[in-house]
Amino acid sequence: IRERGKGIYEITVDNGRDLNGKRIRINKRFKGSKKEAKALEASLKAQIKQGNYVVNNSETVKSYFEKWLKEYVKPTLKPKSYESYSSICHELIEQFGHVKLNSLSALMLLSHYNYLRDRGNTQKSSIKKNKKLTENTVLRHYRVINVALKHAVDWQLLAYNPNERVKAPKKLKIESKFYDLEQTKA
């Protein structure tokens, strides 16, 4: 802790080493008393030790999801799955691409799922019929977004996954229709 002015302190905490062996330091400026600055330093050290420290970055939803698709999804999934994930992510990017990732809230995600329900299917054959998206499709969107945000937490870009605070859509059970004996004879 270094005093930089009257009541202004610079707190420097070590956060391990990078790939080249160079020390990674976290610098924070704090305005207040020296006692409060020491408390903030202790809090930062505890967060780093527990692995809960989140780098305060300016990454947007758009930049994160595009990076996640490129770096994680594309190399690990089959092309058809990648296409599906990409389509789901781009729907979210259309709505919230400009929002900072750490500002993404459960309420925003809930409004996205409601938007999907209201918007309906955009495939050419079903636009004319004005079909709504099923809960199973919304659930698929929920699961893909949840996985992406879990990775953001694992990679220390988010402190928590806001999607976990949204109740998952219920999966609809589709009842199979079978022919009875008379229908098979006809």
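Basis for what follows: all heavy atoms, side chains included, without hydrogens, waters or symmetry-related copies. Here the structure is a predicted model, which is why all the values come from computation and not from measurement.
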So, do [X] and [Y] sit near enough that their side-chain heavy atoms are less than 4.5 Å apart?
X	Y	result
Arg4	Arg2	yes
Thr134	Leu139	no
Pro162	Leu149	yes
Asn102	Leu158	yes
Leu69	Lys74	no
Glu164	Lys150	yes
Arg165	Tyr160	yes
Ile93	Glu66	yes

**Item:** Donor-acceptor side-chain pairing of Ser81 and Ser84 below 3.5 angstrom
**Value:**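 Looking only at side-chain atoms, Ser84 and Ser81 do not form any donor-acceptor pair under 3.5 Å.
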**Asked** Can you tell me if Arg117 and Asn114 form a side-chain donor-acceptor pair at under 3.5 Å?
**Response** yes
Please name the pair of heavy atoms, one in [X] and one in [Y], separated by the smallest distance, quoted to 0.1 Å.
X	Y	result
Gly97	Thr60	O-CB, 3.4 Å
Ala168	Tyr142	CB-CE2, 3.5 Å
Cys89	Phe65	SG-CD2, 3.5 Å
Ala159	Val153	O-CG1, 4.3 Å
Tyr64	Ala152	OH-N, 3.1 Å
Phe30	Ala37	CE2-N, 3.6 Å

Rounded to the nearest 0.5 Å, what's the gap from [atom1] on [X] to [atom2] on [Y]? Could you check?
X	Y	atom1	atom2	result
Glu71	Trp155	CD	CH2	8.0 Å
Arg143	Ile88	CZ	CD1	11.0 Å
Asp14	Arg25	CG	CZ	5.5 Å
His90	Lys62	NE2	NZ	9.0 Å
Ser103	His98	OG	NE2	10.0 Å
Asn163	Leu109	CG	CG	5.0 Å

Okay, side chain of [X], backbone of [Y]: is any donor-acceptor separation there less than 3.5 Å?
X	Y	result
Asn20	Lys22	no
His151	Val147	yes
Ser63	Glu59	no

**Request:** Mind telling me whether His112 and His141 have parallel, tilted or perpendicular rings, with 30° and 60° as the class edges?
**Result:**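 Taking His112 first and then His141, their aromatic rings sit tilted (interplane angle of 30° to 60°).
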**Prompt:** With hydrophobic residues grouped by side-chain heavy-atom distances under 4.5 Å, do Ile8 and Leu40 end up in a single group?
**Reply:** no
**Item:** Salt bridge flag under 4.0 Å for residues Glu135 and Lys170
**Value:** no
